[in-house]
Amino acid sequence: MKDDMQLIKQYREGDESVVEELMEKHKGLVNSIARGFFLKGLDNDDIVQEGMIGLFKAVVTYNLNGEIAFSTYAHECIRNRILDCIRNGTRLKNKALSDSVPISSVEETDSGSLTPEEIAINAEELETLKLIIVTALTDEERKILNMYYDGKSYGEIAEVLGKNAKYVDNNLQKIRRKIRASFNKK
């Protein structure tokens, strides 16, 4: 198995297939961090979904010349993504996120603490999530989601689409509901 640095370099050179390997490799980290939070009215899958977005952002923004290990950087990106969702819950008119509280302090964990069954389930869930994104979302929704993953603000996305920020907010909420509903059907 290749190390994180090699995989990230490959991704940045255009090999998008390695993202799957990185996401699967660190899904256990996402799950361990997500377990540290309770979101009133939402289940753990919603928190994991936000954590996966943080993991992807870590892959995109990691400094290959830095002195920090990717897993450490990814841990912070995942945790910060979840905390940002909690902080922004009221602004996004999502009451469940605004009622969120961390259950305990989050300790850095690696995917090595997962059982083989958990690893298999995580890989299956990742594949299901990718399939849902491709099949359940429209082209415009995938475009909005990709721009959002790339770190663009609602305003920047709205400008590209020729719409307003509220349109983007509504669509991102709809995308989350679609993914959640489709994921629960699987």
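Environment of CD in Glu159: sparse, with no more than 12 heavy atoms of neighbouring residues, nucleotides or ligands closer than 6.0 Å.
Side-chain contact between Arg176 and Glu50: present, with at least one pair of heavy atoms (C-beta onward) separated by less than 4.5 Å. Looking at Met147 and Glu156, their side chains never come closer than 4.5 Å, going by heavy atoms from C-beta outward. Side-chain contact between Gln6 and Asp3 is present, with at least one heavy-atom pair separated by less than 4.5 Å. Two residues are said to be in side-chain contact when any heavy atoms from C-beta on lie closer than 4.5 Å; Leu161 and Glu140 meet this criterion. Looking only at side-chain heavy atoms (C-beta outward), Lys57 and Ile78 stay at 4.5 Å or farther from each other. Looking at heavy atoms from C-beta onward, Tyr154 lies in side-chain contact with Leu172 at the 4.5 angstrom threshold. Residues Val59 and Phe70 meet the side-chain proximity criterion, which asks for heavy atoms closer than 4.5 Å. In this structure, His26 and Asp4 have side chains that are in contact, with non-hydrogen atoms separated by less than 4.5 Å.
The backbone N or O of Asn170 lies less than 3.5 Å from no partner atom in the side chain of Gln173, so there is not a single donor-acceptor pair. Side chain of Asp169 to main chain of Ala165: no donor-acceptor pair is present (N/O by atom type, distance under 3.5 Å, no hydrogens or angles). The closest donor-acceptor contact from the side chain of Asp15 to the backbone of Tyr11 lies at 3.5 Å or more, if one exists at all. The backbone N or O of Leu137 lies less than 3.5 Å from a partner atom in the side chain of Arg142, making a donor-acceptor pair.
In this structure, the separation between CD on Glu24 and CG on Leu22 is 10.0 Å, given to the nearest 0.5 Å. From Ile82, atom CD1 reaches atom CE of Met52 across 11.0 Å, with rounding to the nearest 0.5 Å. Annotation: the span from Leu83 atom CG to Arg79 atom CZ amounts to 5.0 Å, rounded to 0.5 Å.
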_Go through it in stages, so that I can follow the logic: the residues are Lys9 and Val18, the test is side-chain contact (heavy atoms from CB on, under 4.5 Å), and I'd like the CA-CA distance, side-chain angles, deciding distance and then a yes or no._
CA-CA 10 Å; Lys9 283 179 187 175; Val18 297; over 6 Å; no
*Using the side-chain contact (heavy atoms from CB on, under 4.5 Å) rule, take Arg81 and Ile33 through it: C-alpha gap first, then chi angles, then the decisive distance, then the call.*
CA-CA 11 Å; Arg81 172 66 191 189; Ile33 294 169; over 6 Å; no
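Shown here for Tyr62 and Ile8, the closest heavy-atom pair between the two residues is CD2-CD1, 3.7 Å. Of all the heavy atoms in Ala74 and Leu55, the pair that sits closest is CB-CD1, 4.0 Å. Closest non-hydrogen pair, Arg12 versus Thr61, comes out as NH2-C, 3.6 Å. Listed here is the closest heavy atom pair of Tyr167 and Ile144: CE2-CD1, 4.5 Å. For the pair Cys77 and Gly54, the tightest heavy-atom approach, listed with the atom from each and the gap, is CB-O, 3.5 Å.
Lys25 has no carboxylate O lying under 4.0 Å from a charged side-chain N of Glu20, or vice versa, which leaves the two without a salt bridge.
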